[in-house]
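Single-structure report; data block below.
Protein chains get the first letters and strands the later ones, always in sequence-line order, with residue 1 at the start of each.
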There are 2 protein chains.
Amino acid sequence: MIRGALASLLSLEPDIDVVGEAATGDEAVAVAAVTRPDVALLDIEMPGKDGITAAGEIRREVPECHVMILTTFARPGYLRRAMEAGASAFLVKDSPARELAAAIRRVLSGERVIDPGLAAAALSAGPNPLSPREREVLSAAVDGSTINDIAARLHLSEGTVRNYLSSAIQKTSARNRMEAVQKAQDQGWL
Amino acid sequence: MIRGALASLLSLEPDIDVVGEAATGDEAVAVAAVTRPDVALLDIEMPGKDGITAAGEIRREVPECHVMILTTFARPGYLRRAMEAGASAFLVKDSPARELAAAIRRVLSGERVIDPGLAAAALSAGPNPLSPREREVLSAAVDGSTINDIAARLHLSEGTVRNYLSSAIQKTSARNRMEAVQKAQDQGWL
DNA sequence: GCTTCGGGATGACATTTGTCAGACGCCGGG
DNA sequence: CCCGGCGTCTGACAAATGTCATCCCGAAGC
């Protein structure tokens, strides 16, 4: 519904044409490859492939296409990854709707559009401190699985899982698994 | 942004006037009390007061106003509570945007609009099995607080908190606190 | 009047976590 | 070539968590 509403609104702008819509990351890449638009506007949380991965693929397959990320969550790690994937803009859904069309025009003219406060947060927070394995294990813990479950799912020993979780807990300066998951998530580290 | 976009779209409909917007639950109640609209369209997750509570208050203060809930999450418990609060419609954000205006018209003509699948889920899931206190304790646990924190925050003994959590874990047929929180949340029980 | 149920508490117990200290192998940078 | 970091594992230990039985109280229902 949101996508549809935004598409309708953007269509009303005289200088903007909406050439396609997609519900998933993979679909977005496919549509972009065919329609070769000037701008792709992507959400991050999507079924299938996430928006940042999709952004990277679109940049590779359609280099002349500017990729913009529009997301609900202002997470530093998201911004960082989006930039690394070659995004031209990072917008948060709670800015006024008027700004969307304006941002698209600025991106088309070659500018990059990023919320200054969020940029500061991303820089001051530093890069993701979690090692790939720690990230993987912590991700496997988000649903409340027990250590044993995680060990089985990742083909690791229980002790190893405990160690990774322990170090993730310390790196996030959390007090237990649950807090670690929360903190990591809201930094955009997962 | 979403609210703004939907408002703009609805304004384009010849028979619909948008008479006010609000960012929080309390604000929504205040605006409704002043503008006395035919329809109030509310989200559930909002800063301040949640949309279901707001719905109840609007029904009491402006009885001729039909309240509609438009939310991201199709949680049975949400639907149930919305109905108990006197809502006339329960829409999920992933239905097409076209349907929104149609639903508003149907509500105005006295109909109730509810996704049939969700209604079935709500009925088959039965009512919230958690006692008020269990709900309270489980809610206090969502952020990963330790048992001691929760006990302090709620002025309870640690043992009592453990007991409530334990029974919440069993009622949700979860395997630990975290799973209980997740299951309860996605049933809309918190 | 008795029973049931929810709220609140205690104490005991088994399990699960979280922490630490090692150990080994691999790889990449000085 | 050696060191550090990462991945993996183990064993040991303390603390937190989950479960149970049992108790007390007050309110509601039969």
Side-chain angles (χ1 to χ4, degrees), chain A residues 77 80-81 84 125-190, chain B residues 77 80-81 84 125-190:
Chain A
R80 178 179 299 266
R81 279 191 279 154
E84 281 162 9
N128 188 338
L130 270 37
S131 82
R133 220 54 176 143
E134 283 161 0
R135 218 169 50 234
E136 206 172 338
V137 172
L138 198 54
S139 302
V142 295
D143 60 356
S145 301
T146 175
I147 287 200
N148 235 301
D149 288 346
I150 303 176
R153 192 148 14 118
L154 265 52
H155 310 291
L156 288 175
S157 124
E158 314 164 32
T160 306
V161 172
R162 285 231 288 276
N163 289 33
Y164 284 142
L165 282 178
S166 181
S167 82
I169 288 170
Q170 293 182 265
K171 287 184 179 175
T172 52
S173 50
R175 300 216 299 313
N176 53 45
R177 217 184 311 186
M178 213 164 158
E179 242 183 47
V181 166
Q182 305 237 335
K183 291 198 177 192
Q185 274 179 333
D186 87 34
Q187 292 289 318
W189 287 342
L190 298 187
Chain B
R80 178 179 298 266
R81 280 192 279 154
E84 281 162 8
N128 187 338
L130 269 35
S131 83
R133 221 53 178 144
E134 285 161 357
R135 217 168 51 234
E136 208 172 335
V137 172
L138 199 55
S139 302
V142 294
D143 60 357
S145 299
T146 172
I147 287 201
N148 234 301
D149 288 347
I150 302 175
R153 197 158 358 130
L154 266 51
H155 309 292
L156 288 175
S157 124
E158 315 162 32
T160 307
V161 172
R162 284 230 287 273
N163 289 341
Y164 284 142
L165 282 178
S166 181
S167 84
I169 289 170
Q170 293 181 261
K171 286 184 179 175
T172 51
S173 50
R175 298 214 303 310
N176 53 45
R177 215 184 311 183
M178 212 163 159
E179 242 183 47
V181 166
Q182 304 237 336
K183 290 198 178 189
Q185 273 180 334
D186 89 31
Q187 291 290 318
W189 287 342
L190 296 187

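In the region residues 157-175 of chain B, proximity to DNA chain C at under 4.0 angstrom, judged on heavy atoms, holds for B/Ser157, B/Gly159, B/Thr160, B/Arg162, B/Asn163, B/Tyr164. For residues 177-187 of chain A, proximity to DNA chain C is found at A/Arg177, defined as any non-hydrogen atom under 4.0 angstrom from a strand atom. Non-hydrogen atoms lying under 4.0 Å from DNA chain C are contributed by B/Arg133, all within residues 133-148 of chain B.
Rounded to the nearest 0.5 Å, atoms CZ (B/Arg177) and OG (B/Ser166) are 11.0 Å apart. Atom OG1 of A/Thr172 is separated from atom CD of A/Glu179 by 8.0 Å, given to the nearest 0.5 angstrom.
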For a quick test of your reading: what N or O donor-acceptor pairs under 3.5 Å do the side chains of residues 144-159 of chain A make, sequence neighbours left out?
{"residue": "A/Ser145", "atom": "OG", "partner": "A/Asp143", "partner atom": "OD1", "Å": "2.6"}
{"residue": "A/Ser145", "atom": "OG", "partner": "A/Asp143", "partner atom": "OD2", "Å": "3.3"}
{"residue": "A/Ser145", "atom": "OG", "partner": "A/Arg153", "partner atom": "NH2", "Å": "2.7"}
{"residue": "A/Asp149", "atom": "OD2", "partner": "A/Thr146", "partner atom": "N", "Å": "3.4"}
{"residue": "A/Asp149", "atom": "OD2", "partner": "B/Arg175", "partner atom": "NH2", "Å": "2.2"}
{"residue": "A/Ser157", "atom": "OG", "partner": "A/Gly159", "partner atom": "N", "Å": "3.1"}
{"residue": "A/Ser157", "atom": "OG", "partner": "A/Thr160", "partner atom": "N", "Å": "3.4"}
{"residue": "A/Ser157", "atom": "OG", "partner": "A/Thr160", "partner atom": "OG1", "Å": "3.4"}

Using a 3.5 Å cut-off and no angle test, enumerate the donor-acceptor pairs between side-chain atoms of residues 127-134 of chain B and protein atoms at least two apart in sequence or in another chain.
{"residue": "B/Asn128", "atom": "OD1", "partner": "B/Leu130", "partner atom": "N", "Å": "2.8"}
{"residue": "B/Asn128", "atom": "ND2", "partner": "B/Trp189", "partner atom": "O", "Å": "3.2"}
{"residue": "B/Ser131", "atom": "OG", "partner": "B/Glu134", "partner atom": "N", "Å": "3.2"}
{"residue": "B/Arg133", "atom": "NH1", "partner": "B/Glu136", "partner atom": "OE1", "Å": "2.6"}
{"residue": "B/Arg133", "atom": "NH1", "partner": "B/Glu136", "partner atom": "OE2", "Å": "2.9"}
{"residue": "B/Glu134", "atom": "OE1", "partner": "B/Ser131", "partner atom": "N", "Å": "2.8"}
{"residue": "B/Glu134", "atom": "OE1", "partner": "B/Lys171", "partner atom": "NZ", "Å": "2.9"}
{"residue": "B/Glu134", "atom": "OE2", "partner": "B/Ser167", "partner atom": "OG", "Å": "2.6"}
{"residue": "B/Glu134", "atom": "OE2", "partner": "B/Lys171", "partner atom": "NZ", "Å": "3.3"}

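Fit an axis to the five pairs at each end of the helix from C/dG1-D/dC30 to C/dG30-D/dC1 and the two axes sit 30° apart, to the nearest 10 degrees.
Side chain of B/Arg81 to main chain of B/Gly188: a donor-acceptor pair is present (N/O by atom type, distance under 3.5 Å, no hydrogens or angles). Between the side chain of B/Ser139 and the main chain of B/Arg135, a donor-acceptor pair closer than 3.5 Å is present.
The side chain to side chain contact (heavy atoms under 4.5 Å, CB included) check on A/Ala168 picks up A/Leu138, with sequence neighbours excluded. With sequence neighbours excluded, no residue forms a side chain to side chain contact (heavy atoms under 4.5 Å, CB included) with B/Asn163.
The nearest pair of heavy atoms linking B/Leu165 to B/Ala141 is CD2-CB, 4.4 Å. The two residues B/Val142 and B/Gln185 come nearest to each other via the heavy atoms CG1-NE2, 3.7 Å.
Here the range on DNA chain D touched by chain A, meaning any atom under 4.0 Å from one of its heavy atoms, is D/dG7 to D/dA12.
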